[in-house]
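First up is the structure itself, then whatever we jot down about it.
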Amino acid sequence: MLDIKFITENQDLVREGLKKKGFEKKVNLDELISLHSEITKLITSTQSKKEEKNRLSNSIKSASNEERPQIIEKSKKIGEELKAEEEKLSELQKKFDSELARMPNMPAPDAPVGVDDSGNKVIRKIGEPTKFAFEPLDHIALMEKNNWGEMERIAGVCGSRTYAIKNDLAKLELAIHMMVLDKLSENGFNIINVPSIAKERPLYNMGYLPFASDEIYYMPADELYLSGTAELVLNSLHMDEILNENDLPILYAGFSPCFRREAGAAGKDTRGLVRVHQFMKTEQFVICKNDIKESEAWHQKLLAISEEILKDLEVPYQVLEVCTGDMGAPKYRQYDLEAWVPSQGVYRETHSASNITEWQARRTNLRYRDNQDGKVKFAHTLNNTGIATPRALVPFIENHQQADGTVKIPAKLQPYMGGKKFIGGKI
RNA sequence: GGAGAGAUGGCUGAGUGGUUUAAAGCAGCGGUCUUGAAAACCGUCGUGGGUGCGAGCCCACCGUGAGUUCGAAUCUCACUCUCUCCGCCA
């Protein structure tokens with residue numbers, strides 16, 4: 001959410017930001033501003049009526065018996081006027097709130113400008129696309145060869161875009177999460193395993209609602225939602241709190257099962273482990289001071305951690321800075337990591353690191369008291385993937401496959417796999 | 001699923017329709033005293049909003065949302081959450 005004061009005082013800047021993000025037709029800035037001034041006038045009027053009413057009510061006890069009925073009559077009359085005004089006010093307020101909730105965050109001034117993913121900028125490539133001295137298999141064939149999956153059967157039981165993995169691949173999935181959690185723990189993150197079910201408010205707080213409502217599973221019998229990321233819960237963990245500046249930064253490594261409807265992805269990646277409805281994710285989440293230098297520094301730190309994770313996994317990857325039209329509504333700046341997938345001959349997204357600045361904190365009402373000036377301020381929040389599986393298993397097993405169908409385990413991961421240097425091979 | 005109790009500021013906790021402008025204490029912050037500190041004493045101390053150049057004045061908020069009333073922390077209803085007990089259960 002943006003500050004309405006910021007919007008009214010920086011209309012040109014906001015208009016430019018909306019255009020860059022591709023939102024100029026999705027929100028009505030002029031209506032928002034005129035609603036706000038109408039609301040302000042109405043608030044002033046209702047408040048003076050309340051003031052008058054309070055005065056009359058307070059005078060009743062000391063009033064004489066003759067005066068009393070007149071005062072009550074007068075107060076009733078003001079009360080009726082007040083009620084009419086308040087009804088109108090709450091109607092306008094509702095409209096205003098839903099319009100303001102649709103306003104995206106302003107992108108970083110130096111973020112690459114573009115309309116879709118074609119505008120994303122490759123910042124660097126680490127490692128070379130893997131070369132094979134044999135004909136490499138895709139991850140599905142590798143799973144079949146090693147008795148690592150139950151992909152056909154599970155679709156019949158659980159529907160499309162689900163997965164079941166077996167044996168060493170199943171262990172590998174958990175081992176990678178353990179490795180990542182250890183790394184985050186070493187970097188000062190609090191490990192926290194969080195629920196995958198949530199109430200509506202956290203979805204609004206994060207910006208899932210109203211922006212990505214198609215993406216979310218909803219359980220009407222209980223009025224609960226399935227979470228698509230631990231970010232959802234972590235962002236709301238401290239909602240409505242006023243933290244002490246000394247408590248910041250707060251670092252969370254949140255692990256959770258994640259659920260996504262993939263409604264907009266019909267026909268894409270229907271086979272295999274790349275895009276499934278339920279997966280596991282370890283998420284990095286940071287709450288820091290309202291200081292753009294500090295949150296930008298944390299953004300770089302989060303990016304560096306996830307790069308280190310891909311390096312430890314010995315998977316070739318590239319770093320993208322995502323352009324204004326491709327980053328989501330909440331974001332100020334976004335980097336994606338994409339790992340090399342040999343069978344597809346392309347880099348595929350494994351990580352997404354975002355600086356949200358205060359946009360989420362405003363929705364979440366997540367604040368802290370500044371030590372310097374004693375003022376209450378909205379925090380900055382950032383998030384980044386730690387690792388998401390099974391998606392990350394795709395580049396992992398494809399890049400590390402050997403001629404005999406076994407898969408090499410990199411040195412950093414071996415302690416989490418019982419010291420094994422290879423998995424698979426014999427069935 | 002059944003029965004009961006409860007939710008008041010950073011914390012503890014008083015308050016059952018109008019001197020409550022939410023008492024009091026603790027913690028915090030500023031000061032006096034002191035070589036310094038502690039103690040003691042004095043002062044200050046919630047959030048959001050409206051209005052004003054400003055000191056200020058005003059409005060709302062006692063878990064959330066409605067309602068009754070001239071007037072609600074207090075009465076009514078619904079909901080949320082917490083705790084205790086029973087039942088079921090990985």
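Letters go in sequence order (proteins before strands), and every chain restarts at 1.
The phosphate of rC81(B) has OP1 or OP2 within less than 4.0 Å of a side-chain N or O from Lys199(A). Side-chain nitrogen and oxygen atoms of Asn54(A) include at least one within less than 4.0 Å of the OP1 or OP2 phosphate oxygen of rA60(B). For rC59(B), the OP1/OP2 oxygens have no side-chain nitrogen or oxygen of Lys50(A) closer than 4.0 Å.
With rounding to whole Å, Glu241(A) atom CD is found 10 Å from rC11(B) atom P. Rounded to a whole Å, the NE2 atom of His238(A) is 16 Å from the C1' atom of rG10(B). Rounded to an integer number of Å, the gap from Lys83(A) NZ to rU68(B) C1' is 11 Å. Whole-Å rounding puts the Glu51(A) CD to rG71(B) P distance at 17 Å. The CG-C1' distance, from Asp240(A) to rG9(B), rounds to 15 Å in whole Å. Counting to the nearest Å, the C1' atom of rA60(B) and the CD1 atom of Ile39(A) are 16 Å from each other. Atom pair Glu245(A):CD and rC29(B):P shows a separation of 15 Å (rounding to whole Å applied). Rounded to a whole Å, the CD atom of Glu200(A) is 14 Å from the C1' atom of rU80(B).
The C1' atoms of rC33(B) and rU19(B) are separated by 37 Å, rounded to the nearest whole Å. Comparing the C1' positions of rU64(B) and rC57(B) gives an interatomic distance of 31 Å, to the nearest angstrom. Across rA60(B) and rG4(B), the matching C1' atoms stand 35 Å from one another, rounded to whole Å. Across the P atoms, rC62(B) and rA73(B) are found 7 Å apart, a figure rounded to whole Å. When the C1' atom is compared between rU8(B) and rU74(B), the two are found 11 Å apart, to the nearest whole Å. Rounded to the nearest Å, the gap between the C1' atom of rU44(B) and that of rU34(B) is 22 Å. If you take atom P in rC79(B) and the same atom in rG1(B), they sit 13 Å apart, rounded to whole Å. As rounded to the nearest Å, rA22(B) and rA14(B) have C1' atoms that lie 10 Å from one another.
Within 4.0 Å of Ile60(A), counting heavy atoms only, lies at least one base atom of the nucleic acid. Within the 4.0 angstrom heavy-atom criterion, base atoms lie near Ser57(A). As judged by a 4.0 angstrom heavy-atom cut-off over every strand, Lys53(A) is placed among residues touching the sugar-phosphate backbone only.
Taken together, the paired segments of RNA chain B that extend over three or more consecutive Watson-Crick or G-U pairs, each closer than 3.5 Å at both contacts, are B:1-7 with B:80-86, B:10-12 with B:24-26, B:28-32 with B:40-44, B:46-51 with B:56-61, B:63-67 with B:75-79.
Between Ile71(A) and Ser48(A), the residue whose closest nucleotide on RNA chain B is further toward the 5' end is Ser48(A). Nucleotides of RNA chain B nearest to Ser59(A) and Ile72(A) differ in position, and the one nearer the 5' end is that of Ser59(A).
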Give the table of side-chain donor-acceptor pairs shorter than 3.5 Å for residues 185-194 of chain A, with sequence neighbours excluded, one pair per line with atom names and distance.
unit_1	atom_1	unit_2	atom_2	d
Asn187(A)	OD1	Lys301(A)	NZ	3.1
Asn187(A)	ND2	Lys183(A)	O	2.9
Asn190(A)	ND2	Leu251(A)	O	3.0

Sequence neighbours left out, cut at 3.5 Å: what donor-acceptor pairs do the side chains of residues 205-212 of chain A make with other protein atoms?
unit_1	atom_1	unit_2	atom_2	d
Asn205(A)	OD1	Arg201(A)	NE	3.0
Asn205(A)	ND2	Ser236(A)	OG	2.9

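Considering all non-hydrogen atoms of both residues, Lys53(A) and Gly79(A) come closest at CE-CA, 3.3 Å.
Between the side chain of Ser48(A) and the backbone N or O of Ser45(A) there is at least one donor-acceptor pair closer than 3.5 Å.
A cation-pi contact, defined as under 6.0 Å to the ring centre and within 45° of the axis, is absent between Arg362(A) and Trp359(A).
Met103(A) meets the side-chain contact (heavy atoms from CB on, under 4.5 Å) test with Leu2(A), Ile7(A), Val14(A), Leu18(A), Val27(A), Leu29(A), Leu32(A), Leu100(A); sequence neighbours excluded.
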Practice task
For each nucleotide in nucleotides 43-53 of chain B, reading 5' to 3', give B when a protein heavy atom comes within less than 4.0 Å of its base, S when such contact involves only the sugar-phosphate, and - otherwise.
Solution key: ---SSSBSS--
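For an aromatic pair to be called close, the ring centres must be under 6.0 Å apart, and His177(A) with Phe255(A) satisfies this.
Ring pair Tyr225(A)/Tyr218(A) is tilted by interplanar angle, where 30° to 60° counts as tilted.
Within the structure, salt bridge (charged side-chain N to carboxylate O under 4.0 Å, His left out) pairs that include any residue of residues 91-111 of chain A comprise Asp110(A)-Arg333(A) (at least two apart or interchain).
The existence of a salt bridge linking Lys281(A) and Glu283(A) is confirmed by a sub-4.0 Å separation between a basic side-chain nitrogen and an acidic carboxylate oxygen.
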Practice task
Would you check, one step at a time, whether the test ring-ring contact (aromatic ring centres under 6.0 Å, His included) holds for Tyr335(A) with His299(A)?
Solution key: CA-CA 9 Å; Tyr335(A) 300 107; His299(A) 198 188; 4.8 Å; yes
